[in-house]
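Chain A is the first sequence line, chain B the second, and so forth, proteins listed ahead of strands; every chain is numbered from 1.
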Amino acid sequence: MSERDDTETDFTAAERETLGAIAGQVVPASAGHGVPGADDALIRSDILATARRQHARVRDALAKLDALAREESEMDFTALDPVARERVAGRFREAHGPAARLLAALVVQCYYRDGRVMRSLGMADRAPFPEGFEVPQGDWSLLDPVRARPPLYRET
Amino acid sequence: MSEQPIDVLIVGAGASGAAVAWSLAETKMRIVCLEQGGFMNSSQYPSAGRDWEARGLSDYSISPNVRQLPADYPINDSASPIKVANFNAVGGGTILYAGHYPRFHPSDFKVKSLDGVADDWPIEYGDLAPFYAENDRMMGVAGLPGDPAYPPDNSERMPPLPLGRAGEVLARGFNKLGWHWWPSDTAIATEDYDGRGKCINLGACTWGCAQGAKASTDITYWPHAMRAGVELRTGCRVREITVGDDGMASGAIYYDEDGVEREVRAHVVIMACNAVGTSRILLNSTSAAFPDGLANSTGLVGRNLMFHPYALIQGVFEEELDGHHGPHKIIRSQQFYETDPERDFVRGYTMEIQRGRGPVTTALDGLHRGLIPWGAAHHDAFRTLYNRITGMVAVCEDLPEEHNRVVLDPELTDADGIPSPRIDYTLSDNSRKMLDHAVARASEVLRAAGAGEIMTESPIARGGWHLMGTARMGTDPARSVVNEWGRSHDVRNLFVVDGSVFVTSAGVNPTRTIQALALYVADQMKRRLANLFD
Ligand SMILES: Cc1cc2nc3c(=O)[nH]c(=O)nc-3n(C[C@H](O)[C@H](O)[C@H](O)COP(=O)(O)OP(=O)(O)OC[C@H]3O[C@@H](n4cnc5c(N)ncnc54)[C@H](O)[C@@H]3O)c2cc1C
Ligand code: SF4
């Protein structure tokens, strides 16, 4: 029922590194699309700030990830090479679904509000308000066949 | 310390509390409304920031259990397949509602006579018609007259919301199948209206409308009601309605914004806390005369809870659509609204077209459904979905069942120690079949419109946003909580005006009807002022 935890403490340096590393695993940089990864410094700091609201759960998820990494190669997740990271991230998703989803949700909510990412998607690099957006009226003649229908409500 | 008795106490300042307050204000009675939340500051609504979508996961979540703001009370809905969604502030649920604003049909008031299920309402569509019109003027409605799914009505409307690309694509799909569709009636201003700016397509209606185009009652009814003399006390949470020796309601005990316990005495009490909040407070108002809760001699307070089970059906298209630009609602279809003996369920549903979604929601949903992977392939997969999703929800009529109910949780309380509501609800066989039918038909229309991948959720687990039925109206005191004009059968100066009084739920969003009912009850009270308690 209660879905919020805000024990107000910060993350350790190691936890921050792990969070940054898993962020890059969820959304890596792409030269083809011209976008940074979610482990980019700016996006990372946004992720960290946002993660504070769910501090205990994020911390727990990071601990699970590190435990899997150590099980695999006696190293923390951040110390793994890219191939091993990908393998451990895969195992993490399988073994700890809710924890993996929590971290991925954190990552994408910060990633897709980064100005560079928004611009790459053709989005206006701004908040919706106050300018708003244009939406075309569309073709109202599509309604003509419906207008021609007999009433379909039920008489009482 | 308690003050001099006031004439009318209203509990709750949401959709119905605002309407009843405004209507009664012309009597010049002393009217006080107690509301546990505060006034919203629209400049701080999420759409004024880049993090607007993420705030829907935290302080603007539709679930009070996620938000946990000071105005919220926790709700134990862990055993219900559908979780409660609400908002607690001046404006109530209308702060977050999408503003989809259909009326009931005449047939919706007569399901027993027409289909042999549930009960007929003690009033008819015609009784509410003038109050629908009055409410429409106060809220401001956009739409198009002439929908063949409804009898003609007398309301003025602003022009409908733009079809946009998503509306156009789906309209073509409906036309291909020869199915009904029509521009939705919405409580969204498409022209400047009553001091409010017109919609600028922010696409964040369910995060609060920073533009003020969406008619939430904090910016529609309340300014008028307060100017007319109604006193609105915010940050005041009612614990119980008190009862005098004469068995009449005598006022309320509440906690003010500093948590100080206070009492207000009143000649008339009107409950407007929604179908969960009102039954919670009535059940918590026990006394020697009412050991099982106020107005509950039948044991029906809290029972017959109806939600509207929702199905979500969305398709992925090749062409670019509107994404999150524009209000969520565009058009609706009532092709499958009325009972058809050929089907394996009674009653029916409305298909409500949802425009699209923002990038964060696209990514989250794509990850959740396994359509967007982690790693290098993330970007291409994201781009096949972003701005390319549209679809609909099906709003299914929920029939009343006594075992679906609100009770007081034996352990859980809010910050003031008031017992929290617990929701005992199961999905009926009829609802399950109706949901399945809706998913199949909606998938058909999406395919006709050109969708590839189809994504569904049925029922929508977080979709308990329509709360109805827990203090139903009726003429028989043994089978209803309030009479045909909203007055408690047991307590003659106690009224209920929120969605609790619904006898059945229809297959449409309830708020326009909730507000029309609140105006109707107020009108009945005004006509009977001299003998209100007879
Ligand atoms: C996300 C979302 C989308 C929705 N979309 C639509 C839509 O498109 N169309 C539609 O028709 N409906 C929609 N709804 C539903 C709509 O918001 C409700 O039907 C409507 O607000 C109910 O009106 P009400 O007066 O019964 O209660 P509410 O508007 O919920 O008001 C109840 C008020 O009472 C207050 N209160 C409760 N308990 C106490 C207490 N003990 N003391 C003091 N105050 C108290 C609450 O804080 C609240 O402000 C939506 C709701 C949500 C959450
Ligand atoms: S789309 Fe229109 S109604 Fe919705 S939030 Fe934007 S301005 Fe308000």
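- Ranked by heavy-atom pairs under 4.5 Å with chain A, the list B/H368, B/R355, B/E168, B/H105 is led by B/E168.
- Most heavy-atom pairs under 4.5 Å with chain B, from the set A/F133, A/Y111, A/W140: that is A/F133.
- Both the sub-6.0 Å distance and the 45° axial angle are not jointly satisfied by B/R103 relative to the ring of B/Y150.
- Side-chain polar atoms of A/T50 and A/R113 form a donor-acceptor pair below 3.5 angstrom.
- For the set B/S113, B/P151, B/G49, B/A171, the count of heavy-atom pairs under 4.5 angstrom toward chain A peaks at B/P151.
- Under the 30°/60° scheme for interplanar angles, the aromatic rings of B/H378 and A/Y112 are found to lie parallel.
- A distance below 6.0 Å separates the ring centres of B/F336 and B/W179.
- With a 4.5 angstrom heavy-atom cutoff, A/D125 touches chain B via backbone and side-chain atoms both.
- Residue B/D108: no heavy atom, backbone or side chain, is found under 4.5 Å from chain A.
- Contacts between B/D51 and chain A at a heavy-atom distance below 4.5 Å involve backbone atoms as well as side-chain atoms.
- Of the residues considered (B/Q211, B/R50, B/H324), B/R50 shows the highest number of contacts with chain A, using heavy-atom pairs under 4.5 Å.
- Judged by distance alone, the side chains of A/E17 and A/T78 never bring a donor and an acceptor atom under 3.5 Å apart.
- Across B/G358 and B/T362, no two heavy atoms sit closer than the pair O-OG1, 2.6 Å.
- In terms of heavy-atom pairs under 4.5 angstrom with chain A, the leader among B/H325, B/H180, B/E53 is B/H325.
- Heavy-atom neighbours of B/R462 CZ from other residues, nucleotides or ligands within 6.0 Å: at or below the threshold of 12.
- Interface residue B/L161: only backbone heavy atoms are found under 4.5 Å from chain A.
- For A/R149, the parts lying near chain B are the backbone and the side chain together; criterion is any non-hydrogen pair under 4.5 Å.
- For A/V35, the part lying near chain B is the side chain, with the backbone staying farther off; criterion is any non-hydrogen pair under 4.5 Å.
- For a residue to count as touching a neighbouring chain, one of its non-hydrogen atoms must lie under 4.5 Å from one of that chain's; by this rule B/S61 does not touch chain A.
- Interface check for chain B: of the options A/Q137, A/E134, A/E131, A/Q109, the most heavy-atom pairs under 4.5 Å are formed by A/Q137.
- In this structure, chain A has heavy atoms under 4.5 Å from both the backbone and the side chain of B/A210.
- Note: A/P128 leads A/P128, A/P130, A/P151 in heavy-atom pairs under 4.5 Å with chain B.
- Ion pairing of B/D365 with B/R369 is present here, as a side-chain N (NZ or NE/NH1/NH2) and a carboxylate O approach within less than 4.0 Å.
- Ion pairing between A/D40 and A/R116 holds under the 4.0 Å rule for side-chain N and carboxylate O.
- Only the side chain of B/F382 has a heavy atom closer than 4.5 Å to any heavy atom of chain A.
- Using a 4.5 Å cut-off between heavy atoms, B/W181 contacts chain A through both its backbone and its side chain.
- When A/V26, A/D139, A/T156, A/V108 are compared by the number of non-hydrogen pairs under 4.5 Å with chain B, A/V26 comes out ahead.
- Using a 4.5 Å cut-off between heavy atoms, A/L106 does not touch chain B at all.
- For the residue pair B/D115 / B/T339, a side-chain donor-acceptor distance below 3.5 Å is found, with atom types taken as modelled.
- Panel note: side chain A/D81, backbone A/A84; a donor-acceptor pair is recorded below 3.5 Å.
- For the set B/E124, B/K110, B/K83, B/R172, the entry with the most heavy-atom pairs within less than 4.5 Å of chain A is B/R172.
- A/S120 and B/R383 share a donor-acceptor pair across their side chains, judged by distance under 3.5 Å alone.
- When heavy atoms are compared at a cutoff of 4.5 Å, A/R126 approaches chain B solely by way of its backbone atoms N, CA, C and O.
- Only the side chain of B/L367 comes within contact range of chain A, judged by heavy atoms closer than 4.5 Å.
- Residues B/R332 and B/I353 fail the side-chain proximity criterion, which asks for heavy atoms closer than 4.5 Å.
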